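Just so you know, these numbers come straight off a predicted model, no measurement behind them. What's counted below: heavy atoms across the whole structure, side chains too, no hydrogens, waters or symmetry copies.
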Amino acid sequence: MEKREDLRNIAIIAHVDHGKTTLVDQLLRQSGIFRENEEVSDRVMDSGDLERERGITILSKNTAVHYKGTKINIVDTPGHADFGGEVERVLMMVDAVLLLVDAFEGCMPQTRFVLKKALALGKKPIVVINKIDRPMARPDEVIDEVIDLLIELGANEDQLEFPVVYASARDGYASLSKEDLVGKDMTDLFETILRECPAPCGELHGPTQVLFSNVDYDDYIGRIGIGRVERGEIRVGMTLTLCKRDGTFKNEHITKLYQFDGLRRVEVQSAGLGDIVAVSGISDLNIGETACDPETIEPLPFIKIDEPTVSMMFLVNNSPFAGREGKYVTSRNLRDRLFKEVETNVAMRVEETDTTDTFKVSGRGELHLSILIEQMRRQDYEFQVSRPTVIYKEIDGVRCEPMELLMIDVPEDYVGVVMEKLGTRKAELTNMAPKEGGSSHLEFKIPARGLIGYRSEFMTDTNGNGIMNHVFDSYEPYKGDIPGRTQGSLISFETGTTTGYGLFNAQDRGRMFVGPGVEVYEGMIVGVSPKSDDITVNVCKKKHVTNTRAAGSDEALRLTPHTVLSLEQCLEFISDDELVEVTPKHIRMRKTILSHELRMKAASKKKG
């Protein structure tokens with residue numbers, strides 16, 4: 001076995017908002033990748049519009065820096081549990097992981113999730129205690145938490161002997177000592193990576209073998225496979241045998257080859273053992289497939305991606321306002337787009353149903369699916385989606401459901417109301433501990449369906465002072481019924497435009513979701529009622545004009561400000577007989593059956 005000492009491959013893993021992308025920013029800046037006068041935005045790796053708007057990483061991305069003659073390939077990964085599929089597959093491309101932990105928050109659910117995957121693959125962790133300059137930082141306790149977590153996850157002796165680097169990614173310094181921080185830069189972190197991250201080893205001159213862990217798409221080039229050279233060398237013009245996931249083989253010609261350098265893809269003629277490459281010329285390449293020398297066909301095993309836990313129906317839009325805004329509105333458009341998503345999004349599944357205009361889409365969580373909905377909306381698609389439902393499994397003849405590990409940090413005043421609400425949702429308290437600053441840390445095991453619709457309730461109950469994080473834990477036997485939404489909907493009586501007079505009369509019935517001058521249709525949800533039954537209201541009602549004037553009757557109508565719900569809030573709000581209509585410009589909620597009479601008939605049939 002030979003080693004390539006001039007190369008290191010490392011992935012950065014952490015819980016959401018612990019500073020992964022900011023750290024990559026600093027490594028890029030301090031390695032001299034950018035010109036002195038080059039304008040560089042913050043979180044330069046978050047290139048997508050949605051990523052920049054929400055301040056989260058959605059897709060794993062590759063970059064590379066040079067330090068003392070060594071090339072360091074870095075993979076920035078998402079922090080949300082819903083995008084865990086992105087993290088799992090990129091771990092195949094690297095030899096070590098940079099585990100980033102917040103100096104105040106410590107180990108969070110996603111830290112546990114990604115670390116478990118990395119340890120199972122034998123990757124060595126380098127622990128970076130980030131945000132060391134944060135008030136109330138507690139680095140020593142956090143290191144103890146990391147050690148406890150590693151032992152709990154079954155780390156071996158080598159993995160337990162991890163190096164620790166103290167850093168502030170925002171201010172651009174890292175140090176091996178938490179006291180010696182003045183005038184520092186990222187040198188100590190670079191040196192630790194060179195010293196602790198294993199160099200790629202294997203057969204430098206053996207038969208070619210490349211494992212693809214990611215797929216990108218370019219409008220001009222087509223599909224681009226991103227993977228790591230596991231053995232030998234890959235060159236432009238080579239013919240390689242692609243080992244498909246279904247067991248078949250296919251010869252493919254390599255037309256172009258790229259490597260990562262900073263934020264660019266640089267075209268190269270060849271790449272060797274351990275290099276992370278982007279390959280074009282393979283038309284129907286999928287994630288997890290291996291390209292081999294035709295003389296030595298040896299497909300490599302690929303990591304098993306965790307199964308989806310939540311599903312929802314995507315339907316063709318059939319509302320009275322269908323086709324007004326969207327460019328892609330047919331079932332064929334919807335089908336093509338969903339199946340294209342599955343090619344690059346390995347943690348997602350799409351199934352066709354009995355009807356041609358409905359598709360079942362399964363993912364890791366509500367956020368995973370809502371990001372897809374938002375992306376499609378921005379690409380001029382128009383469609384409807386149903387309420388998210390969890391996916392049940394039959395294990396040893398027992399009906400089982402997905403359970404989530406839920407961690408909550410709240411001020412002590414709100415602990416009672418949080419525990420009461422979670423109790424009705426079948427949550428079990430597993431741990432409770434006080435935290436500095438008068439807050440409490442609570443850990444629960446809760447059915448995934450118990451979390452659907454809970455986040456907005458949680459924010460209301462804690463007056464916005466609570467923090468909740470959750471991650472998939474396991475499948476367990478069905479926990480029993482969980483009560484659904486206790487509030488009914490306010491439903492538009494007719495199609496038309498809302499008026500101030502109509503809204504003024506309707507607002508006594510509940511909280512409104514629309515203001516005056518908004519187009520609505522019969523069966524559209526325009527508000528929420530405090531009672532459990534749905535109420536039909538006429539928000540388009542106009543005042544009858546007469547010649548008579550009475551004192552006080554023509555005063556300005558005072559409307560209560562209406563609530564505008566985001567896409568995620570709409571998905572949480574709707575019940576089983578309701579849909580969310582998604583168009584490029586609007587998000588509306590509606591009843592599945594729009595006609596009031598037909599709804600009444602369906603309800604009486606159900607009772608009968």
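Applying the ring-ring contact (aromatic ring centres under 6.0 Å, His included) definition to pairs two or more places apart or across chains, those involving residues 392-418 are Tyr392-Tyr478.
Within the model, atoms OG of Ser489 and CD1 of Ile525 stand 4.0 Å from one another, a figure rounded to the nearest 0.5 Å. Taken to the nearest 0.5 Å, the CG atom of Leu422 stands 9.0 Å off from the CG atom of Asp461. Here the CG-SG distance, from Asn73 to Cys197, works out to 10.0 Å after rounding to the nearest 0.5 Å. Expressed to the nearest 0.5 Å, how far NZ of Lys123 lies from CG of Asn9 amounts to 9.0 Å. Distance check: Leu315 CG to Thr358 OG1 gives 4.0 Å after rounding to the nearest 0.5 Å. Separating the CD atom in Gln375 from the CZ atom in Arg378 is a distance of 9.0 Å, to the nearest 0.5 Å.
Lys244 is linked by a side chain to side chain contact (heavy atoms under 4.5 Å, CB included) to Leu242, Asp246, Thr248, Asp284, Asn286, Glu289, counting only residues two or more places apart in sequence or in another chain. Every residue two or more places apart in sequence or in another chain that forms a side chain to side chain contact (heavy atoms under 4.5 Å, CB included) with Thr309 is listed here: Pro402, Phe472, Tyr475. Taking Phe573 as the reference, Phe513 meet the ring-ring contact (aromatic ring centres under 6.0 Å, His included) condition, with sequence neighbours excluded. Phe383 meets the ring-ring contact (aromatic ring centres under 6.0 Å, His included) test with Phe314; sequence neighbours excluded. Here Tyr381 pairs with Tyr328 under the ring-ring contact (aromatic ring centres under 6.0 Å, His included) rule; sequence neighbours left out. Taking the side chain to side chain contact (heavy atoms under 4.5 Å, CB included) definition, one finds that Glu581 meets it with Asn317, Ser319, Phe321, Gln384, Tyr521, Thr583, Arg588, sequence neighbours left out. Evaluation of the side chain to side chain donor-acceptor pair (under 3.5 Å) rule for Asp354 yields no partner, not counting sequence neighbours. Listed by chain and number, the residues in a ring-ring contact (aromatic ring centres under 6.0 Å, His included) with Tyr454 are Phe458 (sequence neighbours excluded). Evaluation of the side chain to side chain contact (heavy atoms under 4.5 Å, CB included) rule for Glu420 yields no partner, not counting sequence neighbours. Contacts of Thr592 classified as side chain to side chain donor-acceptor pair (under 3.5 Å), with partners at least two apart in sequence or in another chain: none. Residues meeting the side chain to side chain donor-acceptor pair (under 3.5 Å) test with Lys591, sequence neighbours left out: Asp534, Asp577, Glu578.
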- request: Show your reasoning for whether side-chain contact (heavy atoms from CB on, under 4.5 Å) applies to Val316 and Asn333.
  value: CA-CA 9 Å; Val316 171; Asn333 294 145; over 6 Å; no

message: Between Glu401 and Lys479, is the salt bridge (Lys or Arg N to Asp or Glu O under 4.0 Å) condition met? List the steps.
response: CA-CA 8 Å; Glu401 64 175 327; Lys479 300 292 177 188; over 6 Å; no

field: Residues Asn431, Leu442; criterion side-chain contact (heavy atoms from CB on, under 4.5 Å); working and verdict
entry: CA-CA 6 Å; Asn431 190 12; Leu442 311 171; over 6 Å; no

message: For Arg377 and Glu382: C-alpha separation, side-chain torsions, deciding distance, then whether salt bridge (Lys or Arg N to Asp or Glu O under 4.0 Å) applies.
response: CA-CA 7 Å; Arg377 180 183 169 219; Glu382 198 174 292; over 6 Å; no

- prompt: Are Met468 and Leu406 close enough, and set up right, to give a side-chain contact (heavy atoms from CB on, under 4.5 Å), and what steps lead you there?
  reply: CA-CA 7 Å; Met468 66 178 270; Leu406 173 67; 4.0 Å; yes

query: Is there a salt bridge (Lys or Arg N to Asp or Glu O under 4.0 Å) between Arg138 and Glu105 once you walk through the steps?
result: CA-CA 9 Å; Arg138 45 187 192 95; Glu105 290 184 1; over 6 Å; no

task: Run the numbers on Arg335 and Glu352 for salt bridge (Lys or Arg N to Asp or Glu O under 4.0 Å), then give the verdict.
output: CA-CA 9 Å; Arg335 183 186 186 281; Glu352 298 193 55; 2.9 Å; yes

- prompt: Does the pair Ser311 and Lys360 meet the rule for a side-chain contact (heavy atoms from CB on, under 4.5 Å), with working shown?
  reply: CA-CA 7 Å; Ser311 69; Lys360 183 181 178 184; 3.6 Å; yes

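Looking at every heavy atom in both residues, Arg349 comes nearest to Pro308 through CG-CG, 3.5 Å. Listed here is the closest heavy atom pair of Glu568 and Ser370: OE2-OG, 2.9 Å. Across all their heavy atoms, Pro125 and Pro163 have their closest contact at O-CD, 3.8 Å.
Counting only heavy atoms from C-beta outward, the side chains of Leu372 and Arg337 approach each other to under 4.5 Å. With a 4.5 Å cut-off on side-chain heavy atoms, Met376 and Leu334 count as touching. Taking 4.5 Å as the limit, some side-chain heavy atom of Val279 sits within range of a side-chain heavy atom of Phe212. At least one side-chain heavy atom of Leu150 sits less than 4.5 Å from a side-chain heavy atom of Leu115. For the pair Ile12/Val97, no side-chain contact is recorded, criterion being any heavy-atom separation below 4.5 Å from C-beta on. When side chains are defined from C-beta on, Ile10 does not count as touching Asp95, because their heavy atoms never get closer than 4.5 Å. Between Arg387 and Glu572 there is no side-chain heavy-atom pair separated by less than 4.5 Å. Residues Thr389 and Arg449 form no side-chain contact, since every pair of their non-hydrogen atoms from C-beta on lies 4.5 Å or further apart.
With 3.5 Å as the limit, one finds no donor-acceptor pair spanning the side chains of His368 and Glu366. A donor-acceptor pair shorter than 3.5 Å cannot be found between the side chains of Thr296 and Asp293. Side-chain atoms of Gln569 and Ser566 form a donor-acceptor pair, as typed in the model, at a separation below 3.5 Å.
Remark: Lys250 engages Glu252 in a salt bridge, criterion side-chain N to carboxylate O under 4.0 Å. Look at Glu457 and Arg425 and you find a salt bridge, because one of the NZ, NE, NH1 or NH2 atoms lies within 4.0 Å of a carboxylate O, short of that distance. Of the charged side-chain nitrogens involved, at least one lies within less than 4.0 Å of a carboxylate oxygen, so that Glu196 and Lys124 count as a salt-bridged pair. Looking at Arg231 and Glu298, a side-chain N of the basic residue comes within less than 4.0 Å of a carboxylate O on the acidic one, giving a salt bridge. Salt-bridge annotation for Arg332 and Asp336: present, with a side-chain N of the basic residue lying under 4.0 Å from a carboxylate O of the acidic one.
The main-chain N or O of Gln487 is never found under 3.5 Å from a side-chain atom of Lys531 such that the two would form a donor-acceptor pair. The backbone N or O of Asp158 sits less than 3.5 Å from a side-chain atom of Asn156, completing a donor-acceptor pair. Of the possible polar contacts, one joining the Thr430 side chain to the Glu443 backbone as a donor-acceptor pair under 3.5 Å is found. No side-chain donor-acceptor contact under 3.5 Å links Asn463 to the backbone of Asn465.
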